[in-house]
Protein chains: 2
Amino acid sequence: MDKPAPRRLTIVDVARHAQVSTTAVSKVLRNAYGASPAMREKVQQAIAELGYRPSAAARGLRGQTYTIGVMLPELRNLFFADILDGITTQLGDSDYQVLLAPGCNGEKAEAKVIDAMIDRSMDGLVLIAPVSAKKRLTEVARSVPTVVVGRHGSSPAYDSVTDDDIAGAALVVDHLVGLGHRRIAHIEHHETDRVRLAEMPNAQRADGYRQAMIAHGLEAEIDVASTSYTQAGGYLGAQQLLARPVRPTAIFAGADVVALGALEAIAEAGLTVPGDISVAGYDNSALAAFGPISLTSVDQDGRQMGANAARLLVDRIGQRDRRTAQMKLSPTLVVRRTTAAA
Amino acid sequence: MDKPAPRRLTIVDVARHAQVSTTAVSKVLRNAYGASPAMREKVQQAIAELGYRPSAAARGLRGQTYTIGVMLPELRNLFFADILDGITTQLGDSDYQVLLAPGCNGEKAEAKVIDAMIDRSMDGLVLIAPVSAKKRLTEVARSVPTVVVGRHGSSPAYDSVTDDDIAGAALVVDHLVGLGHRRIAHIEHHETDRVRLAEMPNAQRADGYRQAMIAHGLEAEIDVASTSYTQAGGYLGAQQLLARPVRPTAIFAGADVVALGALEAIAEAGLTVPGDISVAGYDNSALAAFGPISLTSVDQDGRQMGANAARLLVDRIGQRDRRTAQMKLSPTLVVRRTTAAA
DNA sequence: AGTGACGTGGGTAACGTTTTCCAAATGTTT
DNA sequence: AAACATTTGGAAAACGTTACCCACGTCACT
């Protein structure tokens with residue numbers, strides 16, 4: 001009953017079946033130079049007849065593995081899923097297979113995961129919102145083609161794709177000011193590291209908020225609760241803001257999950273949205289679009305970001321010494337039912 | 001400026017530095033038999049001093065890759081994220097690295113992803129809610145240790161971990177009957193394939209619903225809308241049920257997303273929940289727990305399922321010929337605000 | 001003292017590809 | 001027709017690790 005699974009087919013079997021050398025088969029597999037159309041045809045047929053599939057492990061030892069590693073800090077963040085969709089769609093008809101490393105929140109876990117991907121000879125890496133030190137990222141990028149998504153700042157070693165978070169924050173503030181709000185508060189992700197303070201999207205959003213408030217002459221109204229980009233962080237942040245002597249009339253949460261937490265705290269305080277207070281999020285995740293919630297949010301087009309990252313990566317794999325590029329996309333505001341006139 | 005990344009360290013470098021053979025280093029790396037404590041110490045130190053990391057590609061060619069592949073049909077389903085958490089937590093302090101293959105909805109994509117994992121010499125596979133034919137799963141399991149999660153039915157080739165969906169459906173029906181409901185309807189995922197009809201969780205839930213209704217003497221009240229496990233499916237299913245000559249007083253949706261769709265349709269029909277109609281879901285996803293929704297749902301403890309799957313898999317990698325096991329977990333009901341007395 | 005078992009370490013041949021040559025055949029130019 | 005470039009196919013050496021086997025020394029027991 002438990003027949004012992006026949007030995008895996010190798011390139012040698014294909015070569016024998018097609019009556020050619022293994023070199024020839026290898027050339028056909030890689031679309032390499034030096035194989036005539038007739039040879040291609042013959043080998044392709046042998047491959048199809050035998051159902052041969054090359055071993056990535058063996059390939060990796062000399063050449064490519066045709067594997068692209070994607071690091072995601074958090075699976076539950078739907079925005080990241082959009083980015084991933086963009087990557088897989090873009091890579092769908094190529095020879096590359098995308099593999100994901102889960103659970104890499106924190107610098108230590110991130111380092112472990114990146115090492116694991118390098119150990120597995122991946123051809124390229126997409127790092128989404130990495131928190132590692134810039135020096136480390138540069139080292140990684142020197143040993144394997146890398147694209148960093150969602151982290152500002154340029155590097156000579158890796159390409160980057162970001163959204164213009166400063167512009168995104170401004171969109172929200174402009175919208176709220178247009179509705180007559182003045183006391184507009186912000187819930188940010190607490191950050192201490194200096195480099196990250198300059199490069200991480202959360203910091204840029206907080207900066208964008210401050211700049212936009214100043215631009216509207218509302219410098220005196222700037223009010224920030226510093227918690228974290230989680231639902232609990234939003235809940236806590238909103239509680240802090242609601243306890244102010246003069247309550248804000250609008251809250252700009254740095255992320256949709258944060259806005260959700262804020263909504264809970266607001267409901268618990270017996271206030272209504274948008275009657276008593278307006279709330280806006282960031283990311284335009286599926287959650288924001290969900291009917292009963294209907295959250296005003298900034299849309300980043302994660303699919304577009306992912307697709308661009310994949311394109312840049314494949315490009316770099318083909319040409320490792322080209323100059324690095326920084327791609328910045330413009331966000332848009334999606335107005336829903338959680339924001340209204342003050 | 002772009003120093004050309006020094007050649008990667010190999011086991012030979014370590015062997016030379018520690019003044020021993022490569023065989024010895026390999027033994028230490030694998031915790032294999034035949035190395036004295038003194039030898040271990042010496043080699044460990046050399047590894048640490050040089051910062052050596054073994055190449056998974058080379059290892060895969062002869063032995064293990066220390067990589068476990070997980071196939072998820074859908075990243076956005078939070079229940080699957082829980083399973084994954086369970087897997088990574090369980091494997092956290094082992095030598096195994098978990099890699100995920102994204103976007104495998106549909107039999108064809110699933111086949112491609114499984115092949116890709118096999119090609120990459122993964123040591124073991126966790127397949128979550130696979131839709132492939134049973135024959136195919138058996139073939140896969142013969143070539144690489146495999147655990148199937150969330151699919152009923154036993155196999156001599158692979159272990160399986162499931163939730164008792166029949167019991168889960170019964171929990172919901174019991175609860176609703178206890179509240180005085182009699183006209184309890186169900187929204188199921190439409191299924192035609194015979195094997196899947198017996199093995200997929202959705203079919204089991206529908207079965208459990210029927211059995212429980214009969215057990216309560218409510219055979220005449222059985223009413224099923226057959227759509228799909230999506231939000232749109234829930235919306236459509238609820239519309240169908242609401243259009244019945246005699247409206248049901250409670251709807252048991254086969255999944256939380258389905259319940260969400262149903263809630264939308266009910267609200268659109270001008271009815272209230274749970275005043276006019278009670279709604280229950282399945283999965284106890286974060287969405288169900290979210291305050292404003294507060295959906296009564298069946299909890300499957302995905303973390304527990306994932307942890308068990310990982311345990312079984314590691315066990316099987318170590319002992320490939322042991323008998324297969326089927327592990328079935330008991331669900332619990334989480335009562336929230338969408339169900340009330342009839 | 002002889003014998004066998006065991007613990008310890010190493011030499012070497014795989015593993016399945018790709019890469020780097022090289023030779024032969026074919027085509028093109030003078 | 002000679003000289004040279006190009007195309008086509010293959011032989012053989014990597015790539016970095018592990019599996020298999022053997023040798024040597026030590027120890028316990030006849």
Side-chain angles (χ1 to χ4, degrees), chain A residues 5-44 46-47 50-67 95 118-123 143-144 317, chain B residues 5-44 46-47 50-67 95 118-123 143-144 317:
Chain A
R7 198 184 52 77
R8 215 190 140 111
L9 288 169
T10 76
I11 206 174
V12 179
D13 300 310
V14 176
R16 189 162 35 219
H17 190 259
Q19 316 242 51
V20 296
S21 71
T22 60
T23 307
V25 178
S26 176
K27 281 175 181 168
V28 173
L29 281 175
R30 293 172 294 123
N31 285 313
Y33 176 86
S36 64
M39 164 73 78
R40 293 211 122 75
E41 173 63 27
K42 196 162 50 166
V43 172
Q44 300 278 20
I47 289 175
L50 296 175
Y52 162 81
R53 303 182 54 88
S55 148
R59 299 183 108 174
L61 217 44
R62 291 288 290 181
Q64 303 188 46
T65 54
Y66 299 93
T67 308
D95 288 334
I118 294 177
D119 292 345
R120 281 159 187 77
S121 317
M122 299 209 171
D123 295 340
S143 85
V144 51
I317 290 173
Chain B
R7 197 185 53 77
R8 213 190 143 111
L9 288 169
T10 76
I11 206 172
V12 179
D13 300 309
V14 177
R16 189 163 35 223
H17 190 260
Q19 317 242 49
V20 296
S21 70
T22 59
T23 305
V25 178
S26 175
K27 281 176 182 168
V28 173
L29 280 174
R30 292 172 293 125
N31 283 314
Y33 175 86
S36 64
M39 165 72 81
R40 293 213 121 77
E41 174 62 27
K42 194 162 50 167
V43 173
Q44 299 278 20
I47 290 175
L50 297 175
Y52 161 80
R53 301 185 54 90
S55 147
R59 296 182 112 176
L61 218 45
R62 291 290 289 179
Q64 301 188 49
T65 53
Y66 299 92
T67 309
D95 288 335
I118 294 178
D119 293 345
R120 280 157 186 77
S121 317
M122 300 210 169
D123 294 341
S143 84
V144 51
I317 290 173

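Within every chain, numbering begins at 1; the chains are lettered A, B, ... in the order of the sequence lines, protein sequences first and strands thereafter.
In this structure, Y66(B) and D123(B) approach most closely via the heavy-atom pair N-OD2, 2.6 Å.
Atom P of nucleotide dG9(D) and atom CE of M39(A) are separated by 4 Å, given to the nearest angstrom. Taking atom CG of L29(A) as the reference point, atom P of dT19(C) lies 12 Å away to the nearest angstrom. Distance, Y33(B) OH to dC21(D) P: 16 Å, rounded to whole Å. One atom, OH of Y66(A), and another, C1' of dG16(C), lie 14 Å apart when rounded to the nearest Å. Nucleotide dG9(C) holds its P atom 14 Å from the CD atom of Q19(B), rounded to whole Å. Between the CG atom of D123(A) and the P atom of dT18(C) there is a distance of 12 Å, given to the nearest Å. L9(B) places its CG atom 9 Å from the P atom of dT17(D), with the value rounded to the nearest Å. In this structure, R120(A) atom CZ and dT17(D) atom P are separated by 13 Å, rounded to whole Å.
Each of A58(B) and G34(B) was assigned the nucleotide of DNA chain C with the nearest heavy atom; the assignment lying further toward the 5' end belongs to G34(B). Ranked by how close their nearest DNA chain C nucleotide is to the 5' end, L61(B) and K27(B) are led by K27(B).
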In residues 54-62 of chain B, what donor-acceptor pairs under 3.5 Å come from side-chain atoms, sequence neighbours left out?
from   : atom 1 : to     : atom 2 : distance (Å)
S55(B) : OG     : A57(B) : N      : 3.4
S55(B) : OG     : A58(B) : N      : 3.1

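At least one donor-acceptor pair closer than 3.5 Å links the side chain of R8(A) to the backbone N or O of R53(A). Between the R30(B) side chain and the S26(B) main chain, a donor and an acceptor come within less than 3.5 Å of each other. Between the side chain of T67(B) and the backbone N or O of T65(B) there is at least one donor-acceptor pair closer than 3.5 Å.
You'll find a donor-acceptor pair under 3.5 Å spanning the side chain of T23(A) and the base of dA11(D), going by distance alone. Residue side chain R62(B) reaches the base of dT18(D) through a donor-acceptor N/O pair under 3.5 Å, judged by distance alone.
Here R30(A) lies in heavy-atom contact (under 4.0 Å) with a base. At the heavy-atom level, V20(A) lies under 4.0 Å from the strands shown only through sugar-phosphate atoms. Across all strands shown, S26(B) has heavy atoms under 4.0 Å from base atoms, whether or not it also approaches the sugar-phosphate.
Between dG16(D) and S55(B), no contact under 4.0 Å exists linking OP1 or OP2 to a side-chain N or O.
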